[in-house]
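See below for the structure under consideration.
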Amino acid sequence: MDLFLKQSDFSDLSCDKVKEICQSCTKCQLSQGRTKVVFGHGSIPCDLMLIGEAPGADEDLQGLPFVGRAGKLLTQILESVGINRPYDIYIANTVKCRPPENRAPLAQEQEACWPYLQAQIFQFVKPKIILLAGAPAVKAVLKIEEPMTKIRGEWKKLPGTDIDVMPIFHPAYLLRNPRKDKGSPKWLTWQDMQEVKNALNFIHKVRELNAS
Ligand code: URA
Ligand code: URA
């Protein structure tokens with residue numbers, strides 16, 4: 001999958017139009033089992049974007065990303081540092097349709113879905129910071145397969161771009177690991193989110209200074 005060189009097929013289209021095309025997409029087998037396509041949700045453009053793995057059961061029914069239990073935890077985590085959905089963040093997934101039994105999306109499914117994510121990143125959202133929630137998002141976007149425990153909280157660049165990227169634990173993983181003591185996954189995620197909030201504040205400050 002050549003992520004960064006391929007010209008998007010959608011370069012002349014509006015976000016609504018691309019969403020409409022995505023809603024009748026049959027480029028991979030996931031289309032056969034879906035109720036609704038979960039294209040993505042949030043402000044456009046937006047300094048902050050989060051990319052998750054794939055829609056689950058609740059998302060598939062509602063057509064919106066991160067609205068189930070993991071999504072509610074994600075909303076709380078974001079709000080704890082003053083990031084409010086849908087205004088301050090655009091949220092999407094590596095694949096737009098729910099995999100059967102919530103299995104991880106296959107590389108070929110992520111590849112088939114990449115042009116939509118590519119259009120979201122480069123054409124519509126144009127984020128300064130991208131959060132990658134969980135290993136499948138890291139693998140699809142950064143092409144690395146290191147353990148999340150090793151790479152979470154580390155700033156990376158989206159290859160070939162100046163966009164800052166941070167891998168974070170997936171909220172579903174935090175649901176399975178509810179401890180909050182120092183060094184626990186939740187505690188580490190809180191550190192990561194404060195760092196992200198500081199980076200956003202810095203971006204806004206620089207923009208203000210440049211405008212004045
Ligand atoms: N998990 C994800 O990775 N994405 C969603 O949209 C919901 C749950
Ligand atoms: N392992 C994963 O696959 N994802 C996480 O978010 C944390 C650990």
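First listed ligand is number 1; within each ligand, the first listed atom is number 1.
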Contacts of Trp187 meeting side chain to side chain donor-acceptor pair (under 3.5 Å) (sequence neighbours excluded), chain-then-number -> none
Counting only heavy atoms not in Arg69 (residues, nucleotides, ligands), do more than 12 fall under 6.0 Å from its CZ? no
Within 45° of the axis and under 6.0 Å from the centre of the six-membered ring of Phe124, does NZ or CZ of Lys19 qualify? no
For Ala57 and Asn102, which heavy atoms make the closest approach, and how far apart are they? N-OD1, 4.2 Å
Candidate pair Cys97 and Val37, rule side-chain contact (heavy atoms from CB on, under 4.5 Å), full reasoning: CA-CA 5 Å; Cys97 300; Val37 169; 4.1 Å; yes
Considering only heavy atoms, which protein residues lie less than 4.0 Å from any atom of ligand 1? Gly52, Glu53, Ala54, Glu59, Pro65, Phe66, Asn93, His170
Taking every heavy atom of Thr94 against every heavy atom of Ala137, the minimum-distance pair comes out as CG2-CA, 3.7 Å
